[in-house]
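Being a predicted model, the structure only gives us computed values, none of them experimental. Within every chain, numbering begins at 1; the chains are lettered A, B, ... in the order of the sequence lines, protein sequences first and strands thereafter.
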Protein chains: 2
Amino acid sequence: MTSAPYASRERSTKERILGAAEALFATHGFAGASLRQVTAAARVNLAAVNYHFGSKDKLIEEVFRRRLDELNSRRLAALGKVAGKDDTRLEDVLDAYIRPALDLSRVDGGGAAFVRVLARAYAEHNETLRRFLSENYGHVLRQFAGEFGRLLPGLAKEEIYWRLDIVTGALTYAMADFGIIQRKSDVAERDHRETAAEHLIRFAAAGLRNPSVSNSPASH
Amino acid sequence: MTSAPYASRERSTKERILGAAEALFATHGFAGASLRQVTAAARVNLAAVNYHFGSKDKLIEEVFRRRLDELNSRRLAALGKVAGKDDTRLEDVLDAYIRPALDLSRVDGGGAAFVRVLARAYAEHNETLRRFLSENYGHVLRQFAGEFGRLLPGLAKEEIYWRLDIVTGALTYAMADFGIIQRKSDVAERDHRETAAEHLIRFAAAGLRNPSVSNSPASH
DNA sequence: GTTTGAATCAAACGATCGTTTGAGAGTACG
DNA sequence: CGTACTCTCAAACGATCGTTTGATTCAAAC
C-alpha cells in the first residue's frame, strides 16, 4: 500500500486529480467544471475520482484541505512572530494575514489557482462548503481579531470583526484578480498580485486605524 | 403585441422568469441553477425561457441589464449632485457609489438577490459575462475615478484605480453578505447591510486618503 | 504458483442538462 | 367566418452530468 503500482514515476493519481481539479474549479467553478474535464486534464480514468475521493463533493473538500491547512498554519506562525510585543505595528499583523496568501499564490503547481478557488468559495452559498471553511478558518480569524483588538483598544470587539470581514473580502477579491480594471498586459500576474497586496496592506491599515464614530459618516 | 393573452392579471411571464432567475442565480450560481428550477419557480413552461430570451446566456444578460442600468444611472445621478464642488467631501463621493447599491438591496422583489448575483459575476471567469459587465460598468467607474482624482490630487491616476478596485471588491463582498463572520440572528438582513455600508464608507475613505508611499509598508 | 487486494480501465447506469419541436390556445383584425 | 400572430404547453431531442459496475492489471504476501 506504500507505492502505487501504476504511475509511480509521476505524481500520484490522487495528486494529479487534485491539481487538475484546483485549476478547473478556479476557471469554471465547482458546478461548471465536470469530473470528465478534471480526469481528462489529470490523464486518469473517470472512475478514479469516485474511487479515491468517494464523490465530487469530497474532492472539493480535499482541494481546500490540501492548501488551507498550510495557509492557516503559516498565517498563525507569522502572527506569532509579531503578536504580543510592545512595538507591534498594525501593518505587521496585516502582513502576517496577507503575505501567506500572496506567497501561496506564487507557489508553482497550482497555488495561484487556489486563491481563485478560495474566491469562488466566498461566492458559493453551499452550506456544506461554508461550514467546512468556517471550521478550518474561524479559529485563525479569531486569533487575528484578538491581536487587532489589542492594537486598536478604541474599537469594540464587534467593530473589529466588521472591519476584518471587509479586509478579508477585499483581500480575496484582490488576490483572485477578479477586478474590472484590466491590468497592463506587460505586467506579469504575480507582480500584479504583489502590488495589490502592498496596496491592500496600506489600505487596510488606514481603514482599521480609522477611529470609531457614532454619527453617520455621509448623507447627501 | 401590447398585452399578453395569458397572465395579464399577474406580472408578465418575462418578468416572472427574470425574478426567479435572479433569486436562483444568487443562491446556486449561473451553472448551478437550471432552467427547470427557474421555470418551476416562476410557474411558467420550460420552453418559455428560450422563447422569450433565446438561451440561458441571454437570460443571464437580461438579469443583469434590468438592474444594472438603473444602478448605474442612480450612481451617476448621486455623483452629479456632489461632484465638482469646492466643499465636496470624499465620503460624499463614496456614498454616491455605495448608497445606490445599498438601496437596490432593499428593494422588494429581488433587488436584494441581485447584489448577490453581482458578487457571483465577479467570481465568474466567463469572458462573455465579463465583457458585458465591463461595457455597462466601466464608464461609471471612470466617472468616479475622475472625481476621486480631483479630491485626492496627491495620488496618481493608476493609484486611484487600484484603490477603487479594492473598494469595489470590498463593497461587493460586504453587500452580498458572504462573510465568514456570522451576523447575530436577531439582526435583520437589511440592517446588516446598512451597518456594513456605513463601515465600508468610513473604511474606504480612510484607505483612499492614505498618502501614497514609495517604500514597502511592512516586512517582517 | 497461488492468492490477495489495491488500482485502473472501458462501458454503461439513470438523471438531468439546455434546447427544440409541433400542436394547440387565445386574441386581434379582416 | 377565416387568417394571422403571439404565447403556452407537453413531449422529446441529443448531450452531458455524477456515479457505478465488472473485468483486468499489477505488485506484494504466502
Side-chain angles (χ1 to χ4, degrees), chain A residues 1-25 27-64 117 120 124 126-129, chain B residues 1-25 27-64 117 120 124 126-129:
Chain A
M1 73 175 187
T2 53
S3 64
Y6 278 58
S8 54
R9 57 182 174 81
E10 267 191 278
R11 288 158 59 225
S12 70
T13 296
K14 288 186 71 169
E15 285 182 22
R16 293 220 306 278
I17 291 175
L18 286 171
E22 190 173 57
L24 286 167
F25 288 156
T27 306
H28 302 105
F30 304 113
S34 70
L35 292 186
R36 282 170 178 80
Q37 287 179 275
V38 170
T39 53
R43 284 175 293 111
V44 300
N45 188 270
L46 170 62
V49 169
N50 281 277
Y51 177 80
H52 286 287
F53 298 96
S55 67
K56 185 180 183 179
D57 284 337
K58 294 290 182 61
L59 170 62
I60 294 174
E61 286 192 9
E62 272 306 307
V63 167
F64 277 97
V117 176
R120 291 275 187 181
E124 291 283 340
N126 185 307
E127 200 55 40
T128 304
L129 189 58
Chain B
M1 70 176 185
T2 52
S3 65
Y6 279 59
S8 54
R9 57 183 173 84
E10 268 192 278
R11 289 160 56 226
S12 71
T13 296
K14 287 186 70 170
E15 285 182 22
R16 293 222 305 278
I17 291 174
L18 286 171
E22 190 173 57
L24 286 166
F25 287 156
T27 306
H28 302 105
F30 303 113
S34 70
L35 293 186
R36 282 170 178 81
Q37 288 178 272
V38 170
T39 53
R43 284 176 293 112
V44 300
N45 188 269
L46 170 62
V49 168
N50 281 275
Y51 177 80
H52 286 286
F53 299 97
S55 68
K56 184 180 183 179
D57 284 337
K58 294 290 181 61
L59 170 62
I60 294 174
E61 285 192 9
E62 273 306 307
V63 167
F64 277 98
V117 176
R120 291 273 187 182
E124 291 283 338
N126 185 307
E127 200 54 41
T128 304
L129 190 57

Exercise. How many Å lie between CG on A:Leu46 and P on C:dA12, as a whole number?
Worked result: 14 Å
Problem set entry | Among C:dT21, C:dG18, D:dT21, the one nearest B:Ala47 by side-chain distance | C:dT21
Exercise. Do the side-chain N or O atoms of A:Thr13 get closer than 4.0 angstrom to the phosphate oxygens (OP1, OP2) of C:dT8?
Worked result: yes
Exercise. What nucleotide, of C:dA7, D:dT19, C:dG18, holds the atom closest to the side chain of A:His52?
Worked result: C:dA7
Exercise. For B:Phe30, does its backbone N or O pair with a side-chain atom of B:Lys56 as donor and acceptor, under 3.5 Å?
Worked result: yes
Exercise. To the nearest Å, how far apart are B:Arg36 CZ and C:dG18 C1'?
Worked result: 7 Å
Exercise. Starting at CG of A:Leu24 and ending at P of D:dC17, how long is that distance when rounded to a whole Å?
Worked result: 11 Å
Exercise. Donor-acceptor pair, A:Arg16 side chain versus A:Arg11 backbone, under 3.5 Å?
Worked result: yes
Exercise. Any side-chain N or O of B:Asn45 under 4.0 Å from OP1/OP2 of D:dA10?
Worked result: yes
Exercise. Of the candidate nucleotides D:dT19, C:dA7, D:dT8, which contains the atom at the shortest distance from the side chain of B:Tyr51?
Worked result: D:dT8
For this session: Pick base, sugar-phosphate or nothing for B:Ala31, based on heavy-atom distances below 4.0 Å to the nucleic acid.
Result: nothing
Exercise. Given atom CD of A:Gln37 and atom P of C:dC17, what is their separation to the nearest angstrom?
Worked result: 17 Å
Exercise. Below 4.0 angstrom from OP1 or OP2 of D:dC17, is there any side-chain N or O of A:Ser34?
Worked result: yes
For this session: Between C:dT19, D:dA10, D:dT20, spot the one nearest the side chain of A:Asn50, thanks.
Result: D:dT20
Exercise. Is a donor on one side and an acceptor on the other found under 3.5 Å between the side chain of B:Gln37 and the backbone of B:Ser34?
Worked result: yes
For this session: Take atom CG of B:Leu35 and atom C1' of C:dA15, then tell me their distance rounded to the nearest Å.
Result: 16 Å
Exercise. Considering all heavy atoms of both residues, which atom of A:Ile17 and which atom of A:Leu59 are nearest to each other, and what is their separation?
Worked result: CG2-CD1, 3.8 Å
Exercise. Whole-Å distance between C:dG18 P and B:Lys56 NZ?
Worked result: 4 Å
Problem set entry | Whole-Å gap separating C1' (D:dT20) and CZ (A:Phe53) | 18 Å
Exercise. To the nearest Å, how far apart are B:Ile17 CD1 and D:dT8 C1'?
Worked result: 11 Å
For this session: Would you check if the side chain of B:Lys58 reaches a backbone N or O of B:Asn50 as a donor-acceptor pair within less than 3.5 Å?
Result: no
